[in-house]
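Worksheet: the structure to be examined is printed underneath.
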Amino acid sequence: MSATLREQRRAQTRRTIQAHAIRLFSERGYDATTMNDVAEAAGVSPMTVYRHFPTKEDLVLVDQYGEAIAERIAASPAGQPLVRRIGGALIDAAAALTGGDLAGDRQFLLVRLQLMISTPALRARHLDNQYALQQAIIGALGDEAAEPDAAFQAQAAASACLAALHTALVRWAADDGRSDLPGLIGKALAAVFGDDAIGPAR
């Protein structure tokens, strides 16, 4: 089996396990669902679940969205202000996730967010995810954030943008996904940085 095919199967197994976990958490409650319950529902062994998701919290919080955001930042013009590059990447990633062609991803994201907001253990772990995403953003800036002062500015900009993102996500989850997520992120960023922070026509 080629490495590419093996990785595709591994990714599919991860998606299947996570989908069953989110369904069970929604139906039974997060605390009432065990890792063994998830394994049984997904048709895999408990060891397979733990191999892909070392902790129960990971079943809700682990995703690949950080990679998409980092790629967008790395591809953005270096001359733009940091906030515009980071904020624009957050908006674009949200638009891709909640677009018409990815309705399943949109609903999956919404349910995961609602679980995160309503479950204390997940709220605590979410802070770790925010830090990891901040580091991915800084890494995407490469040499631009290599010097200490530049790294500090990048950390500050990323932290502020992610705080605005979190506020928008909580509002979107409270609206049960009826509002426009990219628009909410843009409004949150504008509230922090000003109306022109994310550029025209976004």
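Reckoned from all heavy atoms, side chains included, excluding hydrogens, waters and symmetry mates. Starting from 1, each residue takes its place in the sequence as its number.
- Contact annotation: the side chain of L181 never approaches that of L97 to less than 4.5 Å [non-hydrogen atoms, C-beta and beyond].
- In this structure, D128 CG and E57 CD are separated by 9.5 Å, a value rounded to the nearest 0.5 Å.
- Nearest heavy-atom pair, F193 versus C161, reported as atom, atom and distance to 0.1 Å: CE1-SG, 4.0 Å.
- Atom OG of S26 and atom CD of Q114 lie 8.0 Å apart (nearest 0.5 Å).
- Dense packing is recorded around CG of D176, with more than 12 heavy atoms of other residues, nucleotides or ligands lying under 6.0 Å away.
- The backbone N or O of A150 sits nowhere less than 3.5 Å from a side-chain atom of E144 that would complete a donor-acceptor pair.
- Note that CG of L184 and CG of L189 are 11.0 Å apart. Values are rounded to the nearest 0.5 Å.
- Atom CZ of R125 has more than 12 neighbouring heavy atoms from other residues, nucleotides or ligands inside a 6.0 Å radius.
- Note on L133 and V170: same hydrophobic cluster, where clusters join Ile, Leu, Val, Met, Phe, Trp and Tyr whose side-chain heavy atoms are under 4.5 Å apart, directly or indirectly.
- Between atom CG of residue D31 and atom NZ of residue K56 there is a gap of 5.5 Å, rounded to the nearest 0.5 Å.
- Distance CZ/R10 to OG1/T48: 10.0 Å, rounded to 0.5 Å.
- Between the side chains of R23 and H20, a donor-acceptor pair is found at a separation under 3.5 Å.
- Side chains of V60 and Y30 form a contact here, defined as non-hydrogen atoms less than 4.5 Å apart.
- Looking at every heavy atom in both residues, R112 comes nearest to Q18 through NE-NE2, 4.1 Å.
- Qualifying salt bridge (Lys or Arg N to Asp or Glu O under 4.0 Å) partners for E147, counting only residues two or more places apart in sequence or in other chains: none.
- Minimum interatomic distance between L122 and L61 (heavy atoms only, all atoms of both residues): O-CD1, 3.8 Å.
- Here the OG atom belonging to S76 is positioned 7.5 Å from the CG atom belonging to L141, to the nearest 0.5 angstrom.
- Looking only at side-chain heavy atoms (C-beta outward), V38 and F53 stay at 4.5 Å or farther from each other.
- Around the CD atom of E40, the shell of radius 6.0 Å holds no more than 12 heavy atoms that belong to other residues, nucleotides or ligands.
- The cluster map of Ile, Leu, Val, Met, Phe, Trp and Tyr, joined by side-chain heavy atoms under 4.5 Å apart, puts I117 and V111 in the same cluster.
- V192 is not listed as a side-chain neighbour of V83, based on a closest heavy-atom distance of 4.5 Å or more.
- For the pair R171 and K187, the minimum side-chain heavy-atom distance is 4.5 Å or more.
- At least one donor-acceptor pair closer than 3.5 Å links the side chain of R14 to the backbone N or O of H52.
- For the pair L169/M116, no side-chain contact is recorded, criterion being any heavy-atom separation below 4.5 Å from C-beta on.
- Shortest non-hydrogen contact noted between L24 and T33 is O-OG1, 3.5 Å.
- Between the side chains of Q12 and R15, a donor-acceptor pair is found at a separation under 3.5 Å.
- Considering only heavy atoms from C-beta on, W172 comes within 4.5 Å of L109 through its side chain.
- For the pair D92 (side chain) and R72 (backbone), a donor-acceptor distance under 3.5 Å is absent.
- Nearest heavy atom pair, residue A94 against residue T98, reads O-OG1, 2.7 Å.
- Between A78 and R85, the shortest heavy-atom distance links the atoms CA-NH1, 3.6 Å.
- A donor-acceptor pair under 3.5 Å links the side-chain atoms of S118 to the main chain of L115, judged by distance alone.
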